[in-house]
Structures are given as C-alpha cells and as structure tokens.
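As structure tokens, the structure follows; a few thoughts come after it.
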Number of protein chains: 2
Amino acid sequence: MVTDNKTADANLESMLRIFTVPEAPDSTLGKIEQELSQNLNQFLREHIVAEEKPLTEIEKDFTDSSMPETPTYVSEHTEHLLDNLVSQSVHTSAPSFIGHMTSALPYFLMPLSKIMIALNQNLVKIETSKAFTPLERQVLGILHRLIYGEKDAFYQHWMHSADHSLGAFCSGGTIANITALWVARNRLFKPDGDFEGIAKQGLFAALTHYKCNGLAIFVSERGHYSVKKAADVLGIGQDGVIAVKTDNNNRICLDDLQLKIAAAKEKNIKPLAIIGVAGTTETGTIDPLRQLAKVAQKEACHFHVDAAWGGATLMSNTYRHLLDGIDLADSVTIDAHKQLYVPMGAGMVIFKDPELMSSIQHHAEYILRKGSKDLGRHTLEGSRSGMAMLLYSCFNVISRPGYELLINQSIEKAKYFSELIQQQDDFEIVTEPELCLLTYRYVPSKVKQALRLANDTERADIYEHLDNLTKYIQKTQRETGKSFVSRTRLTPEAYQYNPTIVFRVVLANPLTTKEILQSVLIEQREIANSSEISQPQLLALTDSILSRAN
Amino acid sequence: MVTDNKTADANLESMLRIFTVPEAPDSTLGKIEQELSQNLNQFLREHIVAEEKPLTEIEKDFTDSSMPETPTYVSEHTEHLLDNLVSQSVHTSAPSFIGHMTSALPYFLMPLSKIMIALNQNLVKIETSKAFTPLERQVLGILHRLIYGEKDAFYQHWMHSADHSLGAFCSGGTIANITALWVARNRLFKPDGDFEGIAKQGLFAALTHYKCNGLAIFVSERGHYSVKKAADVLGIGQDGVIAVKTDNNNRICLDDLQLKIAAAKEKNIKPLAIIGVAGTTETGTIDPLRQLAKVAQKEACHFHVDAAWGGATLMSNTYRHLLDGIDLADSVTIDAHKQLYVPMGAGMVIFKDPELMSSIQHHAEYILRKGSKDLGRHTLEGSRSGMAMLLYSCFNVISRPGYELLINQSIEKAKYFSELIQQQDDFEIVTEPELCLLTYRYVPSKVKQALRLANDTERADIYEHLDNLTKYIQKTQRETGKSFVSRTRLTPEAYQYNPTIVFRVVLANPLTTKEILQSVLIEQREIANSSEISQPQLLALTDSILSRAN
C-alpha cells in the first residue's frame, strides 16, 4: 500500500512537471521552435513533403481509435508529428499555392500568437479577459469606422457601451453570416403586442403572428454556401434562399432580383434579407452594392454584405471604390484570416446600428450579467480565444497604408496574370479579376478553331473533353506538389452557359512572383501534353472537325 | 514620378519583409518569446498587474476608432502590448484563480501551438488540411470510443468514411450544443413523402407536415444558457426550452420531467430532445443519465448529454462511473479547453450513430464535393484551424492514466476544500463537490445562531445582508488580485429555496495547493471583517435577535 501511494505520488509529480517545467532549448521541440523562429519558410519547405501521398495512405497513420494507455515523451511525440502530420500537411503559405485564400503570414504573428495562447483568455466575459474585452471592442469599432465612417462622437458613445456591441468577433465568415441573418430574423419578428418575439416564441408563432407564409433571403447564384447553411440552421429552410441570376460578369441581376422579390411576395413570403456579395468565392466579383441597398430600402428588409473575402479592399484608397455602397449595409461580414493576414479562425460581423444586436442578447446568472460589458452576450459562440489581439497588432504594425500596398499589389498581380493568360495561344481567361481572383482554362488553339466549326453534338463532346482535361491538369499539378491552383464549375456565356470546369486562382500571397505565375502555366501545358487520355481524345476529335472543314 | 515609383517600391519592399524576415532573437519580441519559453509562469507573474484597475480606466487605452495611418515598429508595439494589454489581462492560469474553468496548461502546448499556427491549415476541406483531416477524424474517433466503447471494426469502418462523421470539432461547447440540437431537429423532421425535410423547407412546413404545434427541449434548471441560445437560433424559441426542477443535489427531477413532457404533449408539442447535464456549470452536478436515457427512449426523442465540463471525467477509471449511462446518449458535448487542458477555443460534439450528421450535410461546388472526406460538410462553422492537433498531442503525451491522475486529484482536492470549509465556524458549504466544483458562502457563527431564532422578516433581512456581504467579499477579493473565486445565485433548500448568492470554486488547475485553498478562506474572512457596511449591519441585526432570545 505504502509503495502504491508512493508510485501514485511520483506519477502525479511527473504529471505536474508538464505544467511547470518548460521544454529545454536543446530538446527536440525546443529546437524546432527555434527553427520556426529563425526561418519559418525553410522549416516548412524542409518538413512538408511536396509530392502528394494518397489520402488513404495518410489515413493509415491515423487509424487507432484507442485512447493511449501509456504516455509518450514530448520529444518522441514531436518526431512523430514531424514525420506523420507536418510532412503530410498542406504548405498553405507557399508562394506557389495559389488555389485558395490562404497566404504567408507576417512573421511577428508567430511569437504574438504564443503570447495570446499563453495568456489563454476567454472573451466570453470580462472576468476571464479584462483588457482583451475593450481591445476586441476597439477592433470592432475600427472596422465599423472603416466601413461606415461615423464620427468620433459615435464611437465614443457606442464602442464601449454596456448592452451594445458594434459587431461580433467569431471563428469565421460562416458564423458571421449566420449571426447577421439571425439578427435580421429576430429584428423582423420582434415583440409586438401579445407576441413576445421570435427569440422567445419561435418561428412558427412569429409567422403566425405576422401573418406570412415564410421568409426569403435573396442572394446571387454565386453566394457562399454558408447562406444556405444559415437558412437551414435558422429554421427558414434552404428553399428560402432565392438564388438570383448573375450577369456575364458574375454580378447579381437587379431585374431578376426584382422579379424574384415580387414572386415571393405574391406567395406571401416576406423578404428577410438581400445579400450583396463583395468578392464571390469563385470569381472574386463584387455585386452592385449601392443599387442593392436601394432595393433593400424599398422592401424594408435587411441588407447584408458578405465581404468575407473582399472586405479588406476597404484598406486601399485606390480600390475601395469597388465596394461603393457598402456603408449602406445593415451588416457586413469580414474575415480576418483572409486578406487581413491573420491565422485561421478569425472572422467578424459588423452592424451599422449599435442597437441591432440587442435582438439576440442572452444572459446567464453566473456570467453575462445584465449591464455588464461581457462580449458573450452578443455572440453565437460562447467561450472564445483572444484572436482579436492578432488583428489589433496587424492594424498597428502594418497600418492602413501597408495594407493598401498589399491589396494593390495583389490586384495588380492578378491583372498581370490575366494578361499573361491572354497572351497564350492555348489558355483562355474565363473571368477577369476584379479583386485578386480569376478563373481560366487550358484550351489548345486547334481546339479553339474547331469549336468555331463544331455542330452542337461535337461542341458538347469537346466541352466534356475539356472538362476532363482541366480536372486532370488540376489534379496532377496538385499531386506533383510544385504548385496548386483550385478548380470550380461556372456557367460562362462564352461556353453557352454550359457548366464548365475552370482553374481558379487567388493571388493573396504577397510572396507570389510573376515568375511563379509564368511557371504555373508552363507546368499546366506540360501536364496537358503528357496526358494519355484526355488530350489525345480531344485532339483527335478536333482534327476530325478541322479536316472536314478543309 | 520616378521618385514616387521608387518610394512605392521601397514601401512594398519593407512590407514584404514582415512576411520574410523573422524577428531577431535580441529584438523585444524575440526576448519575450524566450522569456515565455523559459518560464511562462514567471513571465505572467511579472507582467500581469495583480491589483485590479477599473474597466473604465482600462478602456481609455482602447478608445481610438481610427485605423492607424502610420505603421508601428514591432518592438514598439510589443512594449505597448505589454504595458496596456498583457498587464491588464487576467492571470487565468494562476493556481489561485479558482473561480472559472481555466487552468494552467501543459508547457509543450506552447511550442506546439506555434507549429499549428505556422502551418495555418484550414480544416474545412482536405485541400487545405490534408493529414490534419484524418488526424481530426481520429481524435473524434478516440473520443467516440471513450464514450461509447464500440469495437475496432466499428472505427475501422466509420472513422474515415466519406459522407460520414463521428462528430464535429468546433470552437466550444455552445457551438457543440447547437450542432447537436440542429442534428436532432433535422432528423426528427426528416423528408417524408411530399415533405422534403426541414433543412430544405424550414420549420413552418415541418410543423405543418408533422402536424404538431411546436418543439420542446427538456433540461434541468441548471442547464447551460447555450441551450436557450440554441433554441432561439434554431427557430424553436426559448419558450421551447422547458426547465425541469432539480432535487436538493441539483440533479434533474425525473418526476417533474415526466410531468412536463406530458404537459407538452397535451399541447401537441413534440419532445425534440432531453438533455442530461454531466457537470452543471454552477455546481458541477451530474444528472442521472441512465434514467434520462430511458425516458428519452420511451418518448423516442433525442438524448443529448452536455458534458462540456464533466466529459473529461471519462478518462478516470476511478470516477467515470459518475457518468454512468452516457453511452446511451445520441450525442455528447465535450470541451477540450476545459479539463482536457488545451488552450481556449476547442470543443466537440460526438454522435453515437455515424449516420446522424447526414441530416446537416452541406455542399458547394468549389469545395466540399460529394463523396469527399472534407470535414466542412458536417460542421456549423466553415473555415477552422488545426486545434485538433493540440488535443491529439495531449492524448499521446499525457495519455489516459495521466489524465486520470489529473482528474482524480482535482476531485480529491475539492473534497478536501469542502471538508476544510465545514471545519470553519464562519463558512458554510452550499453544494458539495461531485466533480471538482463546489459552492459555499461566508456566514459568521453568530449569524448561524440568529437564523435559527429569526422570524420570517428577520430571516429575509439576514439573507439580503448575507447576499450583499458575499458579493462584497467576492468583488474585493477579485480586485485585490491575490486570488479569485466566482459567484453565482442558487436556490438551496437550506435557505428555503430563496435565491442565494454563493461563492463558486473550480479546482481544475493541477497547481492549486491546499495552502492556497486555506489562504483563500483566510482572505475572505479578513475582507468580511474589514467591510464597513455589510458586515456591521449584519452583526447589528444578529445581535438584536440574539439579545431578544436571552
């Protein structure tokens, strides 16, 4: 018994050591940390394996479902992570990784993240966050001002006001969009006479009280999928998301919007919100926000702008005009982990009117007391980390003019890449960049000629082959691991509105050079030429069409 | 012009440097990072000011709503953060900070967090997370096995199955609870004949099709406030959350539950879910899960267990019996940032049946393609960080027996503290610890005597004074900054079910010693005795009652 107690004490003692004794600088983990600090890019280059291993192979290292019964030394576990996890992760910050909205990050964020994690604040309430609460409120205020440009007095009055909030910091654009529509829904179905409001009585009672058959959210067919998710979660149903047609530039058609609003009202379905997209995920296009605001005003419905991607453009005095009318929005979503260059897991929704968020206020006895400045009273999430600190630091260290440089060069680089593509015989631009995002595809010049002569059946055949080829090129390029572009499906006018697979490129990484862009095209051409199926079939078909014409 | 271009280039050059040139080891930030690595506790002790500054004072440093127009050097900004943010943050990992569920963290998580942030993966899809996706799926699988204990074959089949997911990793318990109830709602109102399901057609159509007047969620009056938030968000309405009475041990009353279910059904309101709380936030109590499961089964409704707090107890073979019946739950919420000791922002919901989450599947063209293993198809959130890696590392480095030691000592420490309180003449335990959480208050022995003799009016007066005194002690202790306990309001039988303010203590920090607990009581007694209002008034009242009796 005595021995058992002694063993138990010794075990506990060693367990407590992990809370009190730091990793030695010459330990495996200590050394890695230094490597990271000294040269992050080199570390990632050295440790991430470029060539893609099939997912089913990777999964083999992650199959054990048992909770480990014996502890592993930190150094041994670190080696394990390097070999099995880090090596098979995605080099999202590589300058040639231009397929998604990830980018290299400013170096100073690495040590600052460590401070943030070491402080381990919980922003849900003042008691576990103190100065982090005013800091987050300030960050929301600064963003509010960037969008809406109210005067000093406005911010002095509202920024730190208990019972109010200018917005919510959250894990990303999806939660931001859900929050915006939640607020819109609760505000529309507010307490009225006997009806105590939707928050209390629910959607069924709300529709009954307000005598309508349903709610509709209008957004272009290029809207983000989180809008449908929001409609599902909020009880509205995905059918309540009305996809409005887009024009040839992927912008929402105002005529179609009017028609669809009228059709909904005809069925006694109430317009809950019109959503303007400021930077669609697939093409980077910005809807005509000012005109959308007018429609929303006429319909007395909520106007939300999903600027998760494009919102950072407000930092650029050169390009912020692209978002003209955003200040008329009732709410705006902006992601900080996109072109505001902070690590994953930072989004925001900002509300024009500080009273708006009161429709989703929540309380609890032990925290979130009425009249407190606890941020948790106005967030969908509960416990949250101090991520706002990283954005605050970026605002101060990079500053608006610094962001302007980053935004401008990204847009100009996209224009350069677009021109480069158009100079090639065997590539075709599909959507021109408005922000730093564009789509294109590989179409050999012979195929371009053949398409002009092809009949409907032949054209459909060629399109199918081109789709397969695009897919093949994209997949092979990703697997080879030198560079990465993504792909999506669009319905461009140039292809008779046929669903068409295209390459999609996002040029947010400041370290992406023109040389990299040139080599992306060269590599794609090489892959196409080495294709053993798609390309030969395509060319055979093309030859037969062309020979018929001669 | 030439000069302007040159300036612009130089500015861009210096902006790119923040993405390429690391902080020098002898820079301000470099030094801080080393300090953090070498001795985190000392760093926090030295930099966090103990004595509390009023919030309105702190806010003065966070009032400027303008986006900075000039960049700040990283070193200068770091000094600013130390002086204004770090100094005024909350020392959540201090062994004497025993008021909330934060704790000291294992040291190895600090450098690992840096690796996680440097990799900056986005778990929404494989293309931006690769090995992190199987890793997260494994973490969910391990937790699933800890709860449900299925066989190897089960996990081999489901853990990495495309189109399935054993749960969702999310930012915390609130999102986890919302997700569980979202799944329950969508499963209850699934497609049926002409009805295409609530996800598509919304709540109104669902209630109409299924011919009922509303939905009800049954949870004890000690349930977490996120349940009401979920009911609001999901369109059910907070009135749909039926608060079930608790017994004297703060456990849900099964009789009252049956009565309330019957009452709801009487009104044609469908029971959506019964929620068992495994570790209430206020008292740490665990509901009788096995019996709740029986009721849920009888009613054919979803059984959710909110084990955000208590779930970690499953790691302890000594105490896991406290959660007996949890394996009968359809879904379970567990927070990793509580007693699984990872940093803020990590929660999970686990579903017994791998098919369950299909009711909330979402798709998008450019990502989340059907048949892919993208985790984003089954999460409320969109983009998410690689936090699962930290939990994975804790599982391996601490292992189950290590967690068991941590859990056991926390519960035993709570028992010790409870005994210590009961040994004092002038303290009273209000709720005994079941996990490592307990509540108590300061009641001088004379007051205890007087209460036995007081009439109803006098007793009410004394209660009011005691409430004020408890509040005063808690606030003063917090402001003094040596230690922190929280407070909440309960309705204990011992106080005739009057709403009563009590101290609340959570002993999750492994570094909290018995000496600290002793000194917390000593400090509270001293504060009480130094009170210039509450204590003298209370004693005067007491004296008058006692003198009347003599």
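Numbered from 1 within each chain, the chains take letters A, B, ... in sequence-line order.
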Q.
Counting only non-hydrogen atoms closer than 4.5 Å, does B/Leu85 touch chain A with its backbone (N, CA, C, O), its side chain (CB onward), both, or neither?
A. both
(Q) Students often mix this up, so state it plainly: with edges at 30° and 60°, are the rings of B/Tyr392 and A/Phe62 parallel, tilted or perpendicular? (A) tilted
Q) Quick one: CD on A/Glu59 to NZ on B/Lys373, what's the gap to the nearest 0.5 Å? A) 3.5 Å
Q.
Let's test your reading of the structure: which of B/Leu112, B/Ile32, B/Asp61 forms the most heavy-atom pairs below 4.5 Å with chain A?
A. B/Leu112
Q | Choice from A/Phe204, A/Phe43, A/Phe154 maximising heavy atom contacts with chain B below 4.5 Å | A | A/Phe204
Q.
Please classify the contact of A/Leu44 with chain B as side chain, backbone, both or neither, using a heavy-atom distance under 4.5 Å.
A. side chain
(Q) Check whether A/Lys229 reaches the backbone of B/Thr379 with its side chain - one donor and one acceptor, N or O, closer than 3.5 Å. (A) yes
Q: Give, for atom CE of B/Met344 and atom CG of A/Leu119, the distance between the pair rounded to the nearest 0.5 Å.
A: 12.0 Å
**Q.** From B/Ile198 atom CD1 to A/Gln238 atom CD, the distance as rounded to the nearest 0.5 Å
**A.** 11.0 Å
Q | Leading residue by heavy atom contact count with chain A [cutoff under 4.5 Å; candidates B/Ser93, B/Gly141, B/Ser171] | A | B/Ser171
Q: Can you measure from OG (A/Ser66) to OH (B/Tyr155) and round to the nearest 0.5 angstrom?
A: 9.5 Å
Q.
Report which part of B/Tyr341 has an atom under 4.5 Å of a heavy atom belonging to chain A: side chain, backbone, both, or neither.
A. side chain
Q: For residues A/Ser89 and B/Lys130, report the shortest heavy-atom separation together with the two atoms involved.
A: O-CE, 4.0 Å
Q) Do we see a donor-acceptor contact under 3.5 Å between the side chains of B/His77 and A/Ser393? A) yes
Q.
Does any backbone or side-chain atom of A/Met315 lie under 4.5 Å from a heavy atom of chain B? Answer side chain, backbone, both or neither.
A. side chain
Q) Counting heavy-atom pairs under 4.5 Å to chain B, which of A/Val233, A/Thr56, A/Thr92, A/Asp335 comes out on top? A) A/Val233
Q: Against chain A, label B/Ser129 side chain, backbone, both or neither, depending on which of its atoms sit under 4.5 Å from a heavy atom there.
A: backbone
Q | Non-hydrogen side-chain atoms of B/Arg185 and A/Asp232 separated by less than 4.5 Å | A | yes
**Q.** Sub-4.5 Å side-chain heavy-atom contact between A/Leu380 and B/Ile178
**A.** yes
Q: May I ask you to name which of A/Leu207, A/Ile117, A/Leu40, A/Asn213 has the most heavy-atom pairs under 4.5 Å with chain B?
A: A/Ile117
Q. How about B/Phe108 and A/Thr78: do any of their side-chain heavy atoms sit closer than 4.5 Å?
A. no
**Q.** Proximity breakdown for B/Asn120 and chain A, heavy-atom pairs closer than 4.5 Å
**A.** both
Q) Which answer fits B/Met389, side chain, backbone, both or neither, if we ask what part of it has an atom under 4.5 Å from a heavy atom of chain A? A) side chain
Q.
Counting heavy-atom pairs closer than 4.5 Å to chain A, which one of B/Ile115, B/Ile398, B/Leu135 comes out on top?
A. B/Leu135
Q. Looking at B/Lys228, B/Met15, B/Met387, B/Lys114, which has the largest count of heavy-atom pairs under 4.5 Å with chain A?
A. B/Lys114
Q | A/Lys125 and B/His100, any side-chain heavy atoms less than 4.5 Å apart | A | yes
Q | Sub-4.5 Å side-chain heavy-atom contact between B/Thr20 and A/Tyr107 | A | no
Q. Most heavy-atom pairs under 4.5 angstrom with chain B, which of A/Glu196, A/His80, A/Glu150?
A. A/His80
Q. If we only count heavy atoms from C-beta on, is the B/Ser37 to A/Glu33 side-chain gap below 4.5 Å?
A. yes
Q) Which one of B/Ile18, B/Ile48, B/Asn41, B/Leu203 has the most heavy-atom pairs closer than 4.5 Å to chain A? A) B/Ile18
(Q) Is A/His337 in contact with chain B via its backbone, its side chain, both, or neither, using a 4.5 Å heavy-atom distance? (A) side chain
(Q) So for A/Glu381, is it side chain, backbone, both, or neither that comes closer than 4.5 Å to the heavy atoms of chain B? (A) both
(Q) If I compare all heavy atoms of A/Tyr225 with all of B/Gly382, which pair ends up nearest, and what's the gap? (A) OH-CA, 4.2 Å
Q: Measure A/Met67 against the heavy atoms of chain B and call it side chain, backbone, both or neither at under 4.5 Å.
A: both
Q.
Heavy-atom pairs under 4.5 Å with chain A - which of B/Leu105, B/Leu12, B/Thr102, B/Ile175 has more of them than the others?
A. B/Leu105
Q.
I need the minimum non-hydrogen distance between A/Gln201 and B/Asp239, along with the two atoms involved.
A. CG-OD2, 3.6 Å
Q: Select one option (side chain, backbone, both, neither) describing which atoms of A/Asn84 are under 4.5 Å from chain B's heavy atoms.
A: backbone
**Q.** Distance (rounded to the nearest 0.5 Å) between A/Asp64 CG and B/Gln156 CD
**A.** 10.0 Å
Q: Taking the side chain as every heavy atom from C-beta outward, state whether B/Glu127 and A/Arg478 have any pair of such atoms under 4.5 Å apart.
A: yes
**Q.** Top of A/Thr70, A/Leu109, A/Leu146 for chain B proximity - count of heavy-atom pairs under 4.5 angstrom
**A.** A/Thr70
**Q.** B/Leu55 versus chain A, the contacting section by heavy-atom distance below 4.5 Å
**A.** side chain
Q: Can you measure from OG1 (A/Thr72) to CZ (B/Phe395) and round to the nearest 0.5 angstrom?
A: 13.0 Å
Q: Using a cut-off of under 4.5 Å on heavy-atom pairs, state which of A/Leu405, A/Ile58, A/Val397, A/Thr174 scores highest against chain B.
A: A/Val397
Q: Name the region of B/Glu69, side chain, backbone, both or neither, that has any atom closer than 4.5 Å to a heavy atom of chain A.
A: both
Q: Compare all side-chain heavy atoms of A/Asn39 with those of B/Pro22 and state whether any distance is below 4.5 angstrom.
A: no
Q) How close do B/Ser399 and A/Pro68 get, heavy atom to heavy atom, and via which atoms? A) CB-O, 3.5 Å
**Q.** Contact summary for B/Ser65 and A/Arg145, nearest pair of heavy atoms
**A.** OG-NH1, 2.6 Å
